[in-house]
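Down below is the structure, laid out as structure tokens.
Keep in mind that what you see is a predicted model, and the values were worked out from it rather than measured. Just so it is clear, the values below take in all heavy atoms, side chains as well, and ignore hydrogens, waters and symmetry mates. Order of listing sets the numbers, starting from 1, for every ligand and every atom in it.
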Amino acid sequence: MDELQGKVALVTGASRGIGQAAAEALAQAGAAVVLAARDGAAAAKVAEGIAASGGKAAGFACDVANYEDVTRLIAATRERFGRLDILVNNAGVIQPIGPLWEADPKDWAKNIEINLTGAYYGVRAVLPGMLAAGGGTIINVSSGAAHRPLEGWSAYCSGKAGLAMLTRAIALETKDRGIRIFGFSPGTVDTEMQVKIRASGINPISKIPRAELQPVTRPAKAIVYLCTKAADDLIGEEASMRDDAFVKRVGM
Ligand code: NAP
């Protein structure tokens, strides 16, 4: 896929799971990739693996809930690779899991700080440069939980619902200015987040057997697809791995 040759992508939450697979797939497609996670050593290790396979990658520590961290990360990306074309706002947490009247208010607020405010911080920090450059792609990793309440996940559902609205607000404000913004719902995917979910046993999602979960390579392939012109008609929308027509378009 030549379209991503020479492009630079930043993926948050790329030390494992969907973010790692997305970073690997973007590098495979020819983009230079910056991987970020709070555990910078883990992100750097994934980046080393990409570089060992011939890709261009660097890993950095960044807590997306800290705006200064985010602006430093974006400056480091531009310094290292000279530009920034793609932001994948993937970092996310599920906790606190449990009845909302029992959750620690600090943990509840932290979830929103990471899943919603953290994504906003990324967008806020990259957009001036993208607008000045005449364009860019932003993918906000959403969830079915953005549109469906689930027992024990009040923070997660609220944050992802807010993120889905943020995607629409960005689409409205950047209309006709070259910004390709998407929400992306990855389906139910076999990651560490699902280990925590299964351990809780709190709602129907937690009862899904591991064997029925999707491999991380599927949403990763879809994220690469959204970075290409073929997805232009979906700008401003939320693409979902639960939508058979979308999955077919991606070629799966
Ligand atoms: P995961 O395996 O738990 O990975 C989460 C990643 O986010 C890790 O790299 C983690 O690294 C990073 N992260 C967490 N908090 C962060 C913070 N404050 N700053 C920077 N990085 C942070 O989860 P996943 O399943 O791959 O989930 C990825 C995204 O997909 C999330 O947005 C999630 O809500 C969404 N999603 C997942 C599923 C699913 O079935 N797995 C379904 C729908 C949506 P550190 O802990 O080192 O920071």
Side-chain angles (χ1 to χ4, degrees), residues 10-25 33-47 59-70 72-74 87-97 107 109-122 125 139-148 150 153 155-164 166-167 182-200 203-210 212-220 222-223 238-242:
L10 167 57
V11 183
T12 67
S15 61
R16 59 175 189 263
I18 295 167
Q20 172 177 353
E24 289 169 347
V33 187
V34 168
L35 299 92
R38 288 170 299 187
D39 183 344
K45 200 165 170 215
V46 177
F60 293 103
C62 171
D63 181 349
V64 298
N66 179 324
Y67 188 57
E68 281 170 11
D69 257 25
V70 173
R72 262 197 301 270
L73 172 70
I74 283 152
L87 169 66
V88 184
N89 267 324
N90 167 77
V93 294
I94 188 75
Q95 59 271 27
I97 298 177
D107 294 340
K110 189 73 191 166
N111 180 296
I112 304 292
E113 273 176 43
I114 295 171
N115 292 359
L116 174 56
T117 313
Y120 158 73
Y121 284 161
I139 298 171
N140 287 334
V141 177
S142 183
S143 167
H147 312 286
R148 170 191 176 195
L150 283 146
W153 291 10
Y156 186 75
C157 293
S158 303
K160 290 293 186 183
L163 182 60
L166 178 65
T167 300
F182 305 91
F184 172 64
S185 183
T188 316
V189 187
D190 189 10
T191 67
E192 209 167 300
M193 185 178 279
Q194 286 292 339
V195 174
K196 293 187 183 99
I197 291 168
R198 271 198 305 285
S200 73
N203 61 30
I205 305 296
S206 69
K207 307 277 170 29
I208 300 174
R210 185 174 179 196
E212 288 179 21
L213 302 178
Q214 300 294 313
V216 289
T217 46
R218 282 174 66 84
I223 286 170
E238 184 160 303
S240 171
M241 294 301 284
R242 288 195 178 78

Nearest heavy-atom contact between R148 and I205 is NH1-CD1, 4.0 Å
Examine the proximity of ligand 1 to A43 and report which part, side chain or backbone, both or neither, has a heavy atom under 4.0 Å away.
neither
Atoms of ligand 1 close to I114 [distance to a heavy atom under 4.0 angstrom, numbered from 1]
15 (N), 18 (N)
Search all heavy atoms of I114 against all heavy atoms of A65 and return the closest pair with its distance.
CG1-CB, 4.1 Å
Report the part of S185 in contact with ligand 1, treating N, CA, C, O as backbone and CB onward as side chain, heavy atoms under 4.0 Å; options are side chain, backbone, both, neither.
neither
Classify the contact between A42 and ligand 1 as side chain, backbone, both or neither, using a heavy-atom distance cut-off of under 4.0 Å.
neither
Side chain or backbone of I18 under 4.0 Å from ligand 1, or both, or neither, by non-hydrogen atoms?
both
If we ignore hydrogens and angles and just use 3.5 Å, is the side chain of N203 paired with the main-chain N or O of S206 as donor and acceptor?
yes
Backbone, side chain, both or neither: what part of P186 comes under 4.0 angstrom of ligand 1, heavy atoms only?
side chain
Would G13 count as being in polar contact with ligand 1, using the rule that some N or O on each side must be under 3.5 angstrom apart?
yes
Quick one, T188 with R242, criterion side chain to side chain donor-acceptor pair (under 3.5 Å). Give me CA distance, side-chain angles, the key distance, then yes/no.
CA-CA 9 Å; T188 316; R242 288 195 178 78; 2.8 Å; yes
Looking only at distances, can you tell me whether any N or O atom of T191, backbone or side chain, sits closer than 3.5 Å to an N or O atom of ligand 1?
yes
Exam field: side chain N111 to backbone Q95, donor-acceptor pair closer than 3.5 Å
yes
Pull out every atom of ligand 1 sitting under 4.0 Å from any heavy atom of S143, numbered as shown with elements.
43 (C), 44 (C)
On a heavy-atom basis, the closest approach of A36 and L73 is CB-CD2, 3.6 Å
Identify which of L213, N90, L73, N115 has a heavy atom lying nearest to atom 28 (C) of ligand 1.
N90
Ligand 1 atoms nearer than 4.0 angstrom to some heavy atom of V93 are 14 (C), 15 (N)
Which protein heavy atom lies closest to atom 19 (N) of ligand 1, and at what distance to 0.1 Å?
V64 N, 3.0 Å
Just to confirm my output: which protein heavy-atom neighbour is closest to atom 22 (C) of ligand 1, and how far is it?
A91 CB, 3.6 Å
With a 4.0 Å cut-off on heavy atoms, is S142 touching ligand 1?
yes
Contact atoms of ligand 1, heavy-atom distance to C62 under 4.0 Å:
19 (N), 20 (C)
What part of K196, side chain from CB on, backbone N/CA/C/O, both or neither, has a heavy atom under 4.0 Å from ligand 1?
neither
If you measure from atom 48 (O) of ligand 1 to every heavy atom of R38, Q214, M193, R16, which option wins on shortest distance?
R38
Among all protein heavy atoms, pick the one closest to atom 34 (O) of ligand 1 and tell me residue, atom and distance.
Y156 OH, 2.6 Å
Part of Q194 within contact of ligand 1 (heavy atoms, under 4.0 Å)
side chain
Is G187 near ligand 1, meaning one of its heavy atoms is under 4.0 Å from it?
yes
What verdict does the salt bridge (Lys or Arg N to Asp or Glu O under 4.0 Å) test give for K110 and D107, after you've listed the backbone C-alpha separation in whole Å, the side-chain angles of each residue and the deciding distance to 0.1 Å?
CA-CA 5 Å; K110 189 73 191 166; D107 294 340; over 6 Å; no
Heavy atoms only: give me the nearest H147-E238 pair and the separation to one decimal.
NE2-OE2, 2.7 Å
Do any N or O atoms from the side chain of D190 and from the backbone of Q214 form a donor-acceptor pair under 3.5 angstrom?
no
Taking it one step at a time, do N140 and T167 satisfy side chain to side chain donor-acceptor pair (under 3.5 Å)?
CA-CA 7 Å; N140 287 334; T167 300; 3.0 Å; yes
Quick check against the 3.5 Å criterion: does S143 have a side-chain atom that pairs as donor or acceptor with the backbone of S185?
no
Side chain to side chain contact (heavy atoms under 4.5 Å, CB included) for T191 and V216? Distances and angles first, verdict last.
CA-CA 7 Å; T191 67; V216 289; 3.7 Å; yes
Is the closest N or O pair between D39 and ligand 1 shorter than 3.5 Å?
yes
Is there a polar contact, in the sense of an N or O pair closer than 3.5 Å, between T188 and ligand 1?
no
Smallest separation among heavy atoms of V70 and D63, with atom names:
CG2-O, 4.1 Å
With a heavy-atom distance limit of 4.0 Å, tell me whether D63 approaches ligand 1 through its side chain, its backbone, both, or neither.
both
Closest approach of any protein heavy atom to atom 8 (C) of ligand 1, naming residue and atom:
S15 OG, 3.5 Å
Nearest heavy atoms of L150 and A145, plus distance in Å
CD1-CB, 4.3 Å
Checking K160 against W153 for the side chain to side chain contact (heavy atoms under 4.5 Å, CB included) test, could you report, in this order, the C-alpha distance in whole Å, the side-chain angles of both residues, the deciding distance, and whether it holds?
CA-CA 11 Å; K160 290 293 186 183; W153 291 10; over 6 Å; no
Numbered atoms of ligand 1 (with element) below 4.0 Å of E192, judged on heavy atoms
2 (O)
Sub-4.0 Å heavy-atom approach of V141 to ligand 1
yes
With a 4.5 Å heavy-atom cut-off, do N90 and I18 have their side chains touching?
yes
Can you list the ligand 1 atoms lying under 4.0 Å from a non-hydrogen atom of A14?
9 (O)
Other residues, nucleotides and ligands only: do more than 12 of their heavy atoms fall within 6.0 Å of NZ on K196?
yes
Evaluate G17 for polar contact with ligand 1, using N/O atom pairs at a separation under 3.5 Å.
no
Among protein heavy atoms, which sits nearest to atom 5 (C) of ligand 1, and what does the distance come to when rounded to 0.1 Å?
G92 O, 3.8 Å
